[in-house]
Each structure stands twice: as C-alpha cells, then as structure tokens.
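Everything below concerns the one structure shown next.
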Amino acid sequence: MRILNLAGRRLAASIPTLLLILIGIFLLLQFAPGDTVDAMMAQMGGGDAATARELRQFYGLDLSIPMQLGNYLWRLVRFDLGFSSIYGKPVATVILERLPPTLLLMTASLSFAFFAGLVLGVIAARGVNKWPDTLISTLGLIFYATPSFWFGLMAIVVFSVYLQWLPAGGFEDIGAASTGLARTLDIASHLVLPTLTLGLIFLAIYLRIMRASMLEVLNLDFVRTARAKGLDETRIVVRHVLRNALLPMVTLIGLQAGTMLGGSVVVESVFSLPGLGRLAYESVVQRDLNTLLGIVFVSALLVIAVNFLVDLLYARLDPRISAGT
Amino acid sequence: MALSRIEINRRTVLMTSAAIAANVINPMRAFAQETPRKGGVFNVHYGAEQRQLNPSLQASTGVYIIGGKIQEPLVDLDAAGNPVGVLAESWESTPDGKTITFRLRKGVTWHDGKPFTSEDVAFTALNMWKKILNYGSTLQLFLTAVDTPDPQTAIFRYERPMPLNLLLRALPDLGYISPKHIYETGDIRQNPVNLAPIGTGPFKFNKYERGQYIIADRNDNYWRPNAPYLDRIVWRVITDRAAAAAQLEAGSLHLSPFSGLTISDMARLGKDKRFIVSTKGNEGNARTNTLEFNFRRQELSDIRVRQAIAHAINVPFFIENFLGDFAKLGTGPIPSTSTDFYPGPNTPQYAYDKKKAIALLDEAGLKPAAGGNRLTLRLLPAPWGEDISLWATFIQQSLGEVGIQVEVVRNDGGGFLKQVYDEHAFDLATGWHQYRNDPAVSTTVWYRSGQPKGAPWTNQWGWKDEAIDKIIDDAATEVDPVKRKALYADFVTRANGELPLWMPIEQLFVTVISAKARNASNNPRWASSTWHDLWLAE
C-alpha cells in the first residue's frame, strides 16, 4: 500500500514536468529555420511553390504557432500522438516499431556497465594503490575519454573487418529469416559491439563511483566492528560493505537512463540500428514535429519509470528510506 | 560535342587495355566474364531514407536507386548516352513539335499481373508528371492531353512546341510510369503503394523495414528475355558514412553509389583490389559547385564585385588539394559531360588573379577600412556534402585575403532552403547544381527571372536580364536541335559574363562497387537505371 502511494505521488508529480518538457521542445523547434515541407523539398531536389503551399495546408503548418501547440496538446489529452509526416503512419506505431532495439540496447548496456563496473570497482578498492587499482583506474580513464563514435568504428574495423567475428551493423541478419533461439542469438550477436560501445563510457563512471564508495564504507565503524567480530574478509565485503556501497550506484542508474537515450543516437547511427535515437535525429532534420514530440514523450515516460524502479530498489537496499516517507 | 565524345572514347580505350592486361595475367577471369551467372543477392548502401519510393512522383537519386529497379521509364539512355526505348519502343514528332507519338512495348505486365497499356502512360503523365513530379511540372507545363487511340499508342499533345530531343533527354529521369489501376482512386500522394511500389521492372518490391532495409526480388515475368540475373537486391539503410565504408570492407555491401562515402574513404578504397572506385556510369548525373550572389545586397549587384570574388578564389588549387581525382575545373552552367549542349571552354572565365580582384574592388569603390576590411558577407553553405563545406571554408579564407570578411552560417537542409530560397537571408550561398541532360530541365530556372518565391533551386538572387530570359524561352520551344544548341551556347556566354551565380567546379558522383559486379556502370545514369543485366561473379 505504501508503495502504491509512493507510486501515485511520483507519477502525479511528473505530469507537470512532462508538460513543460513538451511545450519547451515545441517552442525550441520553432526557432529552427524551415519546416517539414522545406525539409521535404530538400529531399526531393526541388519543387514548385504551389505544391509547397498545398503541403503546408495538409500538415496544418499554415496555422499560427499557439493554435498548432493547442491542437497538439488537445490530441495528447486523448492519447493521440498524431501523424508522422516522414513516415505517413501514426506516430505511436512508428515509435512502437523503433522501441525494441533501443530498449534492448539500453538494458544490455546498462546491465553490462553496472555489473562490470561493480566488479572492477570492488577489485580496485580491495587493492587500492596497488597494480590492479592502477590498471583498472587507467582503463576507466581511457574508456571515459574515448568518444563513442570512434570506439564504435574501431570496434567495427577490428572485430568485423579484420577478424570477421561479429556483424558490422544492423539489427538482425536479413537473409536468414530465422525464428526462436536462432533469431535471439542472431540479434544478440548484432548487439555485442553496440552494447560495448555504448556501455564503456558508463562502465568507467560506475567503476569510479563503486571504487570510491567502497573505500568510504570500508572505513566506517561497523566494518571495523565486523572485522573485530572475526568475520572473514569476503563475508564482510559481500554482506556489509557492498550493500551500503551500492546506494550511489543505484542512484546513477536513474540519472543515466536519460543520458543513455541521448548517447544511443551516435551508437545507433554507427551500427545502423533502427532505434529511437536515430528516429529522433531524423525527425529533427526532417522537422517532423509530431514524431519528435512523441519520442520526447515516450523517453520522458521511460526515464520516469526507471527512476520509479530505482526508488523501489532504494527502499529495498536501505529500509531507512521507505520508513522516512 | 566532339570534344566530349573523344574523351569518352579515350576512357573506353584505357579501360579496355587495362582489361586486356588483366586477362593476360589471369585467363580464367576472361572466361568467367563471358558467362553471366544467375542468382545472388546484391547489397546496396542507402544513405538517406525518402518519404516515398515512386519515381513518377519524385525525381531524385534517393528514389531512383530503389524505385528505378521496380518501375521503368518510357526511355532510358544507352552506353553512349543516346535515348533508348524501355517501355516505349519508338517515337516521332510532328514538324511543329506540338504532337509527339510514342509506340509502346507489347506484352509488358505490371507486377500484379495486369497488362501495361497507353492508359497508364496517359494517367501518369497528366496526374503525376504534370501535377506532382518536381521538374516534371515545369517540363510538362504545356502538355494539354495524352490521346490513347489503342493500348500501344500514346499521343502527347502540347500547346507550345516541345523539342523532341528535350523530351527524350528528360524522360529517363522524368518519364517513369505508374499503374493507373492502383492510383486512379484516392489521393495519389497518400497512396500506401508509394512505399511499396508496383512497376514493370526487373525487380519486384518485397519488404521495407524502416531504418533497416528494403528488399526487392527478381521478377520472373520480366519482358526482357533472360533478365534479370540477380535473385534479390537489398538496400541497407546506413546513415553514417564511415560505418558504410567499414561494411563494404566487411563484405556486407557491394555498392555505395552517389558519393555516399567520405572523400578520404573513397580514395582509400580506390587502392583496394576488391573495389572499383570511379565516376564511370555517372556522366548523366553531373553536378557543379555553385557560388550564388544575392543581388539585393547593393555591393553584390555591382558586376565588378562579383568578378573580383571569382578572381580571388584559386579553384585549381582547391580541386587538387581537397577534391582529388573526383572533380575538375568547371566552365559554366552546362557541364562538359553534356555531349549535346556543351559549348566549349571559350566562354567568359575567371582565372585566379588576386591583383585583378583587388583592382576590381578598388574600382567598385570598396576601399579597405582601418583593419583592411572592405566588406562583410554572410555565406550559407548547403549541408549536402563534404565538398560544399570545404568549399565554403576555402571561399572564406580566399576572400579574407582580398579584404572581404566572410561569415559562414551553417544550417541543415530545411533551414538552408528556407533562408536562401524563401527568406533570401544570405549574401552568398553555395551548393550543388545538378545537370539533368538538358539545360531546359535543370538549369535555366536558375537564371530565368520571375520564379515564385520559395521555389528551391531557382533564380532567387533578385537578378533580371531580359536578354537571357528571351534566350531561355526561345530555346525551350526551339524544335531544331542545331539552333537549340546555338541558343544554349549564347546562354552560357551571357550567364558567365553577367555572373549572377558562378559554377567553377564540375564533378561527377563517385560509385564504389565490388569488383565482382559485372555489367556495372555501363550507362550514363547507371545507379539510377534498372540493373536488369547486372550480375555478380563468384
């Protein structure tokens, strides 16, 4: 019951935020010169002014900006995301088609970054200032400093072009038309390189945070007490230190869910994945306002959902948090 | 005309001797080349997805590269660049140029099994070319009716004379036919078939996964015997140019057309034996880099300032150092690849001459201010290609040396068109002019006054010249090919002399193709054409 209550309040609080984000993006895009019809003309390689006028009318672009915004919000109230001018389909359909690759990529990258960061962070903290720590910290710095498009391209050159181990791009093999397990494995093999590329920079962050918070907790009184009780070191780390050191890590997941959606634009372009990031980029270039607002809406919902889960996880890790509410 | 023909011949000779040399080294290869292999999947790089794929509705390379395999035009170009019948077998014009009759091919069926007839031609011409197709609506402005006395005859009737040569040069791009029975009900623009085209071509549309791939399979009922060879064509959507180059190397792509890779990757793959990197097969897709002047800016309406700007830029240096083998010095709005209309290089030209540029600026009364600055201009480069971006920076630096400060304002596609062609918010603009086989189709609108505001790639410079307007109008309806050619020679001379815009660099698109592909690049618009004879060697 308490959890439902928390959920209800959380969601209610996020509605005004969502509304502000949507209005903000709508107005921001008005500052970009040109509209979807201009973008269409650019793609066609020319056209006459009468056609352009006709198309503007068709897309409702001849209305004033407040009217367009009003129309949009009114449709949103009825859970209608509108019609995409690039795809000629309802925005909801377009987004649903693009959601699975992005969700898969995000989940895989976050899990990879989280668990690898956790393990490496613990190892580094246990051997602080010795060679494992130095090695891991240096690697972390390199991962953090490398731009992901460069890392992605290098991964393609090494693993796809030279070694030919993994596919260079795409979401699945077109020719195979496989089903079941074979298809799952096929998609997984296509996702290895993008996951690594997107995950490495986050791994570097998790590893730093984990190392720092482990070091901090290791010096607290209760750890000393546990040691004094004569517990063995592994047990201390797993039962006492890790649980407390995990809190800042979990906080980061919530914060980074949004960042990851942004970062996926680059990774999706480099690996030709049909995800939300590329769709968003495409809709900005094509001035497809409905699709872009739809993506913002869905991404905001995603981030809100992730943060909500993080809150629940928090309460589980540290009972004091839910007791306080 | 003769000059370009010689060039083509010289290129053919060079290529043939290279082929002979290869055969001496490897006689098996010669044997393999003689027997086309059936089957195989051909993977193509597709850089920018379009809103629709029907070439009767949109004339652009992004559509031809897919739609051109599925639908067919009345006429295409042969290896020598001459019109050759596809859906039309023959044609004739009355002496006054107002009636043009096409005899259509018999026994052709649409992919859904319905017969192809003159009704389809009449419907497409009147409802698509004349009303919707970009460039088509200008070309067919004076088309009044298409008569269909029998299923194999389509008679085009024009209000003003239509030069047969002009129509035949335009039809390879602007003459694709769509099935009437699919389009006759409902809004043509919103028809879902636009994204799943039905045609008469060698390949049948199979599947389109947005953001991933498009597939077309061989048409077993194709009208050309024994064609096509390939089982399937897959267009893979890859927006990142560097990633596309890597996919070519990894073997998951066979072709990247229309300069789809970065200049450095094209140069690098050119040294790799697995690929052929060349401009061959793109002679019909010539483009020139432009520098457009806004005449509303008072200083730029002075011809001396425009000439000074042209003289201040070292074009040969730029080409040699930035564009490499893929470009050459341009001589005006009609590129040298146009065998029918190129007037030769003896029209007014602007060689690099910094002293002359400074003298002209002085003469125009633009004296340098305290910091040496004479004038500040806003330059808007189009975002279509790496070369335009480099060219904009080069212009900026070159003009800086003669005291003209240039501010480069970068936009994406929609923003660029809006600011230059609708709001006229530019002093200088630079982009591409794409030549479409006849100046009346693609080029004269850049110079003819009276273009409606907001029409991209037309005269939006605020320039008006009655003499040139008259030449343009006369040439558009001149039925005699010799007189037409002479009129366009006058046009180039006057356009280069008055310099409302400058076209100093001539380029052809670059094709990067697997060395296993046979019958590739064998006509002047190969990447846009049907690929019915394309096959893949083992």
Side-chain angles (χ1 to χ4, degrees), chain A residues 32-55 58 85-89 94 97-98 101 149 152-153 156-157 159-162 164 166-172 174-175 266 268-275 278-279 281-282 284-287, chain B residues 41 48-52 58-63 131-132 134-135 137-138 189-190 192 194-195 209-213 215 232 234 236-240 242-244 246-247 249-252 382 384 411-419 421-423 425 434 445 451-458:
Chain A
D35 56 22
T36 192
V37 177
D38 289 311
M40 204 184 278
M41 290 287 178
Q43 199 178 57
M44 287 185 354
D48 58 84
T51 320
R53 212 165 30 244
E54 217 172 281
L55 285 169
F58 179 81
S85 60
I86 338 177
Y87 293 92
K89 285 196 254 189
V94 176
E97 284 170 1
R98 293 297 187 95
F149 75 90
L153 287 172
I156 294 178
V157 168
F159 294 106
S160 308
V161 177
Y162 285 108
Q164 310 229 329
L166 290 163
F171 184 58
E172 58 186 311
I174 306 161
V266 172
E268 283 170 11
S269 301
V270 169
F271 290 98
S272 339
L273 290 172
R278 240 176 75 204
L279 185 68
Y281 175 77
E282 195 67 10
V284 173
V285 172
Q286 301 281 333
R287 302 282 190 280
Chain B
V41 178
E49 282 178 282
Q50 307 289 313
R51 295 181 200 218
Q52 59 94 14
Q58 181 178 327
S60 71
T61 51
V63 170
K131 288 186 184 158
I132 300 174
N134 48 321
Y135 291 105
S137 47
T138 322
R189 279 200 182 88
Q190 298 305 314
N194 293 342
L195 280 166
E209 283 288 339
R210 269 276 174 186
Q212 296 193 68
Y213 55 82
I215 298 176
R232 171 174 275 194
V234 178
R236 290 170 190 265
V237 179
I238 303 165
T239 46
D240 189 278
Q247 297 230 21
E249 285 185 277
S252 43
W384 328 131
N411 281 288
D412 61 4
F416 170 78
L417 289 189
K418 180 91 180 168
Q419 298 205 325
Y421 293 97
D422 194 23
E423 292 171 355
Q434 191 167 338
V445 289
Q451 304 293 337
K453 184 170 169 276
W457 297 292
T458 63

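These numbers come from a predicted model, not from an experiment.
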_Contact check, side chains of Asp412(B) and Arg287(A), non-hydrogen atoms, under 4.5 Å_ =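 Asp412(B) reaches Arg287(A) side chain to side chain.
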
_Any heavy-atom pair between the side chains of Arg51(B) and Ser85(A) that's under 4.5 Å?_
yes

Does any heavy atom of chain B fall under 4.5 Å from the side chain of [X], the backbone, both, or neither of them?
{"X": "Tyr162(A)", "result": "neither"}
{"X": "Ile156(A)", "result": "side chain"}
{"X": "Glu268(A)", "result": "neither"}

*Which region of Val237(B), side chain (C-beta onward) or backbone (N, CA, C, O), has a non-hydrogen atom less than 4.5 Å from a non-hydrogen atom of chain A, or is it both or neither?*
both

*asked:* Does any backbone or side-chain atom of Gln190(B) lie under 4.5 Å from a heavy atom of chain A? Answer side chain, backbone, both or neither.
replied: side chain

Heavy atoms only, distances under 4.5 angstrom: which of [options] has the most pairs with chain B? Name it, please.
{"options": "Glu97(A), Arg278(A), Gln164(A), Lys89(A)", "answer": "Arg278(A)"}
{"options": "Phe171(A), Tyr87(A), Phe271(A)", "answer": "Tyr87(A)"}
{"options": "Leu279(A), Val270(A), Val94(A), Leu273(A)", "answer": "Val270(A)"}
{"options": "Val161(A), Asp35(A), Thr36(A)", "answer": "Val161(A)"}

*Which atom names give the shortest non-hydrogen contact between Leu153(A) and Asp240(B), and what distance separates them?*
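Minimum heavy-atom separation between Leu153(A) and Asp240(B): CD2-OD1, 4.3 Å.
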
*asked:* Show the nearest heavy-atom pair for residues Ala168(A) and Ala250(B), with the distance to one decimal.
replied: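 In this case the closest contact between Ala168(A) and Ala250(B) is CB-CB, 4.2 Å.
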
*Quick one: which of Gln434(B), Gln419(B), Gln52(B) has the most heavy-atom pairs under 4.5 Å with chain A, could you say?*
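Max contact count across the listed options: Gln419(B).
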
*Starting at CD of Glu209(B), measure out to CD of Glu172(A) and round the result to the nearest 0.5 Å.*
7.5 Å

*Look up atom CD in Gln212(B) and atom CZ in Arg98(A), then write down how far apart they are to the nearest 0.5 Å.*
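Gln212(B) atom CD to Arg98(A) atom CZ measures 8.0 Å (nearest 0.5 Å).
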
